[in-house]
Amino acid sequence: MIKHMTLRKSLETEKENIRSLHLTAFGKEEGEAVSKLVVELLEDKTAQPLISLVAEQDDELVGHVLFTSVKVEGSKTQNGYILCPLAVAPDFQRSGIGKNLITQGLDMLKEQGAEFVLVLGDPAYYSRFGFHTDHQIKPPYELPYPEAWMVQELRSGVLDSVHGTINCADALSPREYW
Ligand SMILES: CC(C)(COP(=O)(O)OP(=O)(O)OC[C@H]1O[C@@H](n2cnc3c(N)ncnc32)[C@H](O)[C@@H]1OP(=O)(O)O)[C@@H](O)C(=O)NCCC(=O)NCCS
C-alpha cells in the first residue's frame, strides 16, 4: 500500500500527540524536558506568533517542528524566530521528514515576513538547510557549544543590522534549555 505523507499546521487538539512524539524521539535523557517545553511553548502567549507544523502518515503523527517568536534587544529588526524543537518518530527518521518540516516552515515564515531564524542544534544537521554561525546575535546565556548557535536570514542583508541579545518566549527562557 502506498503511504501518504501530509505536512500541515498542528491543531489545538493535538498537543498530547505532539508531547508524546517528542518524548519518544528525544529518548530517556532529554525527552521529559523537551516534551514539557513543547507544550508550554504552544500555550505561551509570549511565543506568538508561532508556526507549528506536523507530518502525518496514515493518520499517525510522525514529525513536528515549532518556530516561536524572538526579539533582539536594541535592534530595529524584530521579526525573528527560533526553531525549537524538532522531532521525527524513531521509525521514520532518515527519510526526509525533518528536512521537509524545516524547509516548509522556512517557506511559510518567509511568506509572512519573517526576517531571520535562529536554531541551537547540531551544526552537521542544520548547516544542510542554510543555518550558519556568521552572525552577531547573542543567546540569553553563555553556551558550552557556541558553534551550535546558528542563524539564517530570510530577508537578504538583514543580519548586517541585527546585533544584540535575544529575548525569547518565557517558556524557553530557563537556563536548562540552553
Ligand atoms: C534530528 C532529526 C529531527 C532528523 O530528522 P530526520 O527526518 O531523521 O532527518 P532527514 O531524513 O530529513 O535528514 C535530512 C538529511 O540530513 C541527514 N541527517 C539526518 N540526521 C542527521 C544528523 N544527526 N547529523 C547529520 N546529518 C543528518 C540525513 O542523512 C539527510 O541527508 P540526505 O538529504 O543527504 O539524505 C531526527 O533524527 C530526530 O527527531 N532526532 C531526535 C530528536 C532530535 O535530536 N531533534 C533535533 C533537535 S536540535
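The structure displayed is predicted, hence computed values, not measured ones. Each ligand, and each atom within it, is numbered from 1 in the order the structure gives.
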Over 60° means perpendicular and under 30° means parallel, so classify the ring planes of W178 and Y141, tilted if in between. tilted

Once ring-ring contact (aromatic ring centres under 6.0 Å, His included) is applied, what residue pairs with a partner in residues 29-51 remain, sequence neighbours excluded? none

Quick one: sort the H22 and F26 rings into parallel, tilted or perpendicular, breaks at 30° and 60°. parallel

Crowding at NZ, K15 (>12 non-hydrogen neighbours, <6.0 Å): yes

Those residues with a heavy-atom separation under 4.0 Å from ligand 1 are A25, F26, L86, A87, V88, Q93, R94, S95, G96, I97, G98, K99, D122, A124, Y125, Y126, R128

Over 12 non-hydrogen atoms of neighbours within 6.0 angstrom of CD in E29: no

Residue among L109, N79, V151 satisfying side-chain contact (heavy atoms from CB on, under 4.5 Å) with F116: V151

